[in-house]
Protein chains: 2
Amino acid sequence: MAEQAETLHRTPLSRERVLRAAVALADEAGIESLSMRNLAQDLGVVPMALYKHVANKDELLDGMIDVVVGEIRAPEPGTDWKRAVRGRILSAREVLQRHPWAPLAIESRNMATPAILAYLDSTIGTFRAGGFTVDLTHHVMHAMGSRILGFSQELFDADRRAGRSGRADTDPPTALPPEIAARFPHVAEIAMAASHDDESVLGQGCDDQFEFEFALDLLLDGIERLHRHGWASARRPG
Amino acid sequence: MAEQAETLHRTPLSRERVLRAAVALADEAGIESLSMRNLAQDLGVVPMALYKHVANKDELLDGMIDVVVGEIRAPEPGTDWKRAVRGRILSAREVLQRHPWAPLAIESRNMATPAILAYLDSTIGTFRAGGFTVDLTHHVMHAMGSRILGFSQELFDADRRAGRSGRADTDPPTALPPEIAARFPHVAEIAMAASHDDESVLGQGCDDQFEFEFALDLLLDGIERLHRHGWASARRPG
DNA sequence: ACCTGAACACCGTTCAAGT
DNA sequence: ACCTGAACACCGTTCAAGT
């Protein structure tokens, strides 16, 4: 009975339970609310208890990143390299949209976690299986950059912040303040065109998913062209 | 005399002096050493004195970003859009290499500062002057993402961290630990090829500048193709 | 041996007391 | 009116005292 009470008291802490609670806290309250103290409180535990399962906060973040990257679907077998890479990156993007704090966390940690290395290894394998040379694969991976993990790489990624991961895919009209529009006329022109989404230019506003796939296909099409033309180091990617 | 002593005591603080000292501190000691307290000490001033010139730390960071973005060279007039954009992005990259903390700072601030808006406006203007439609320019700007500001967008950007902005362009051999190489054979294959830089594949190791220009030209060439073929929203970027 | 409260060395920022 | 020291509400982490 004493033993039962001991083990069941609040379900025993484990590294996995710590990491899952940390991811949930960051998802719901924003990464800036993730402190060792807040996390301990969520788990009904004294702060120092966490240090039995993670060495420090950096290692906690690494563990959280691995949880997130582990959610990315493996590519369907038997598809050609382009569909396989494209599908996997779009799956990665879906995952990151559930965890908007993750891109910044990954970028600020600067060493690859095991899950990320496994992801990269598998993606490199897809290119190699598609007949890419080692060196073209190398440059292509660099060229994809963090987009390979589904990062939008927008200069300003509104949804990447705090708790608000919602708010549909299409931006609200959000007209520029007039003095901004006057100082930056080219920015204003684009903002105006993108917000008149009913009649005009595109048939849609500034649709994140469209922009992401536009950029992704621009890269994949360029990569396909290099591959087909047998690109090798002497030539520039033109 | 009392007046002179008052005004000359330590050269009076100003917003500009605060921002320049903050940039210097972040450059030299790393962004994680930039605290209001450390900055005040560098300036020989009590911490609260800073709040006369910046509202809070976020505004300090915005100001630092504007200082950095202000260092980017304007494009040379009279060149075609592709050379103009390419040259400006490479100039931006040089600037960011002097301030390795800047990319992460910009990404985490999520609203455009005036200097960044001016930069974007001018770059959009270059595309428009080159004959790009408003909507193609729009998508192209999104596709460039933060690369437009010279970000490398590598998944792990070793030099972006702390004080160490030096260490040549070419990675040292840095052989993978054998157990990593065994678990991630495709990663190992590429790492090996890139480090045998004398004989092999590329005639160079993993050269950051080469990788950056490879990716940049991949994008610019793809963009040029869309523009020449009169891309419009109905078609996908193929 | 394990767990944990208090303490340490920091933060950014408020506020009231000094000039 | 201006300036600034002390204080407040936090951090991550160490450490020694308790069981």
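Just so we're on the same page: letters track the sequence lines, and every chain starts at 1.
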Check every nucleotide of DNA chain C for an atom under 4.0 Å from a heavy-atom of chain A, then give the first and the last such nucleotide from 5' to 3'. dC3(C) to dA7(C)

On a whole-Å scale, what distance lies between the P atoms belonging to dG18(C) and dC8(D)? 16 Å

Suppose we screen for salt bridge (Lys or Arg N to Asp or Glu O under 4.0 Å). Which residues come up paired with D66(A), at least two apart in sequence or across chains? none

What pairs with Q41(B) under side-chain hydrogen bond (donor to acceptor under 3.5 Å, both in side chains), at least two apart in sequence or on another chain? none

Using a strict heavy-atom distance below 4.0 Å, which residues from residues 53-61 of chain A are in contact with DNA chain D? N56(A), K57(A)

Looking across every strand, which nucleic acid part, if any, lies under 4.0 Å from M36(A) by heavy atom: base, sugar-phosphate, or nothing? sugar-phosphate

Those residues that, when tested against F184(B), pass ring pair (Phe, Tyr, Trp, His ring centres under 6.0 Å) (two or more places apart): none

Taking the ring centre of each residue, are F210(B) and H142(A) less than 6.0 Å apart? no

The salt bridge (Lys or Arg N to Asp or Glu O under 4.0 Å) partners of R37(A) (sequence neighbours excluded) come to none

side-chain hydrogen bond (donor to acceptor under 3.5 Å, both in side chains) against R183(B), all qualifying residues, sequence neighbours excluded: none

D42(B): salt bridge (Lys or Arg N to Asp or Glu O under 4.0 Å) partners, not counting sequence neighbours: none

If a pair satisfies salt bridge (Lys or Arg N to Asp or Glu O under 4.0 Å) and one of its residues is in residues 185-195 of chain B, list it, with sequence neighbours excluded. R128(A)-E189(B)

With sequence neighbours left out, write down each residue that passes salt bridge (Lys or Arg N to Asp or Glu O under 4.0 Å) with D121(A), or none if nothing qualifies. none

By side-chain hydrogen bond (donor to acceptor under 3.5 Å, both in side chains) - contacts of T126(B) (at least two apart): none

Note, DNA chain D 5' to 3' with Watson-Crick or G-U pairs under 3.5 Å encoded as ( ), [ ], | and . gives ||.|||||...|||||.||

